Amino acid sequence: MRYPIVLLYLNQEQKYLIQVPDIPGCQCYASSMDKGLDDILFAIEDHLTLMAEYGQSIPTPQSFETHVGKHDFRGGIWAIVDIDITPFLGKSHKINVTLPELLIKKIDSQVATNPEYKTRSGFLAKAAINELQKT
């Protein structure tokens, strides 16, 4: 999932506050943008790990446009981070799925040409996540 993040420079403290608006409480401070971008990735993973341990749903990111006009983020520098949420969805379980042969061939073709999916199961999980985000 792609989460918008905002980097706000705090003049008095001479450091950056980096926040993830779609993950309440997920933020960090850093002395430079580069360090902040690295640190926020760790903060997001730690935050999502805790949410998963407590059985909370992984927040769906909203669009950049949803956040950019908010007063709290004025003057911020925006970026997008891509987070693989699969590790935070819980243990994998094997299931038996019946699909038409042509559909399986199309899925396998996509998996073979797109390393993002890695496996047929990865493709189906990504498709399910995309569908569930629509609701």
Side-chain angles (χ1 to χ4, degrees):
M1 288 194 178
R2 293 182 177 166
Y3 286 95
I5 63 167
V6 61
L7 295 91
L8 298 161
Y9 188 70
L10 307 174
N11 281 324
Q12 291 180 345
E13 294 89 355
Q14 296 206 345
K15 61 184 172 185
Y16 289 91
L17 167 62
I18 302 93
Q19 295 177 305
V20 186
D22 294 313
I23 306 175
C26 187
Q27 65 182 33
C28 66
Y29 293 91
S31 57
S32 71
M33 276 191 194
D34 287 336
K35 177 118 174 65
L37 290 171
D38 289 338
D39 290 352
I40 199 64
L41 292 174
F42 290 113
I44 292 169
E45 289 180 6
D46 287 346
H47 210 89
L48 295 180
T49 298
L50 285 172
M51 292 179 79
E53 286 177 7
Y54 285 100
Q56 298 174 350
S57 297
I58 303 301
T60 301
Q62 297 179 20
S63 70
F64 162 79
E65 291 79 12
T66 303
H67 301 297
V68 73
K70 294 180 181 173
H71 180 72
D72 290 347
F73 305 132
R74 287 223 173 99
I77 299 166
W78 288 88
I80 303 287
V81 294
D82 196 9
I83 303 295
D84 178 10
I85 65 162
T86 309
F88 310 109
L89 297 176
K91 276 179 49 176
S92 294
H93 294 275
K94 189 172 186 167
I95 61 171
N96 192 11
V97 177
T98 303
L99 298 172
E101 185 176 350
L102 182 57
L103 182 57
I104 293 171
K105 286 181 180 181
K106 287 182 177 184
I107 291 169
D108 289 346
S109 175
Q110 279 292 327
V111 170
T113 58
N114 192 337
E116 170 190 355
Y117 302 120
K118 298 180 185 145
T119 64
R120 185 186 294 158
S121 292
F123 178 90
L124 294 172
K126 180 90 170 169
I129 289 168
N130 289 339
E131 266 314 295
L132 292 170
Q133 284 179 345
K134 293 178 184 179
T135 58

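Please read these numbers as outputs of a predicted model, since none were measured by experiment.
Taking hydrophobic clusters as Ile, Leu, Val, Met, Phe, Trp and Tyr residues chained together by side-chain heavy-atom distances below 4.5 Å, V81 does not share a cluster with L50. At a threshold of 4.5 Å between side-chain heavy atoms, the hydrophobic network of Ile, Leu, Val, Met, Phe, Trp and Tyr places Y117 and I104 in one connected group. Follow the hydrophobic side-chain contacts under 4.5 Å out from I83 and you never reach F42; the two are in separate clusters. I58 is connected to I5 through a chain of hydrophobic side-chain contacts under 4.5 Å among Ile, Leu, Val, Met, Phe, Trp and Tyr, so both are in one cluster. In the hydrophobic clustering of ILVMFWY residues, with side-chain heavy atoms under 4.5 Å counting as a link, I44 and L17 come out apart.
Separation of atoms OG1 (T86) and NZ (K118) is listed at 7.5 Å; rounding is to 0.5 Å. Note: I40 CD1 to Y3 OH = 12.0 Å, rounded to the nearest 0.5 Å. Note that NZ of K15 and OG of S32 are 13.0 Å apart. Values are rounded to the nearest 0.5 Å.
More than 12 heavy atoms of other residues, nucleotides or ligands lie within 6.0 Å of CD in E13, so this atom counts as buried by the packing criterion.
Put simply, the side chain of L124 does not reach to within 4.5 Å of the side chain of T119, judged on heavy atoms. Annotation: side chain of H67 is not in contact with side chain of V6 (no heavy-atom distance under 4.5 Å). A 4.5 Å side-chain heavy-atom check between P61 and I23 finds every atom pair outside the cut-off. Using a 4.5 Å heavy-atom threshold, the side chains of Y9 and Q14 count as touching. Counting only heavy atoms from C-beta outward, the side chains of M51 and P59 approach each other to under 4.5 Å.
The two residues M33 and L7 make their nearest non-hydrogen contact at CG-CD2, 3.9 Å. For the residue pair P4 and P21, the shortest heavy atom distance occurs at O-CD, 3.3 Å. Here the closest heavy-atom approach between residue R2 and residue I80 is recorded as CB-CG2, 3.5 Å. Looking at every heavy atom in both residues, Q110 comes nearest to F123 through CB-CE1, 4.0 Å. Between L8 and G75, the shortest heavy-atom contact is CD2-C, 4.3 Å.
For residues 52-62, the set of pairs meeting the side chain to side chain donor-acceptor pair (under 3.5 Å) definition, not counting sequence neighbours, is empty. Within the structure, salt bridge (Lys or Arg N to Asp or Glu O under 4.0 Å) contacts touching residues 63-82 (residues at least two apart or in different chains) do not occur. Screening residues 34-46 for side chain to side chain donor-acceptor pair (under 3.5 Å) gives K35-D39 as the qualifying pairs, with residues at least two apart or on separate chains.
Under the rule for a salt bridge (Lys or Arg N to Asp or Glu O under 4.0 Å), the partners of E116 that lie at least two apart in sequence or sit in another chain are K126. Not counting sequence neighbours, the partners of F73 by the ring-ring contact (aromatic ring centres under 6.0 Å, His included) test are W78. When the salt bridge (Lys or Arg N to Asp or Glu O under 4.0 Å) test is applied to E101, the partners found at least two apart in sequence or on another chain are K105.
At least one donor-acceptor pair closer than 3.5 Å links the side chain of H47 to the backbone N or O of P24.
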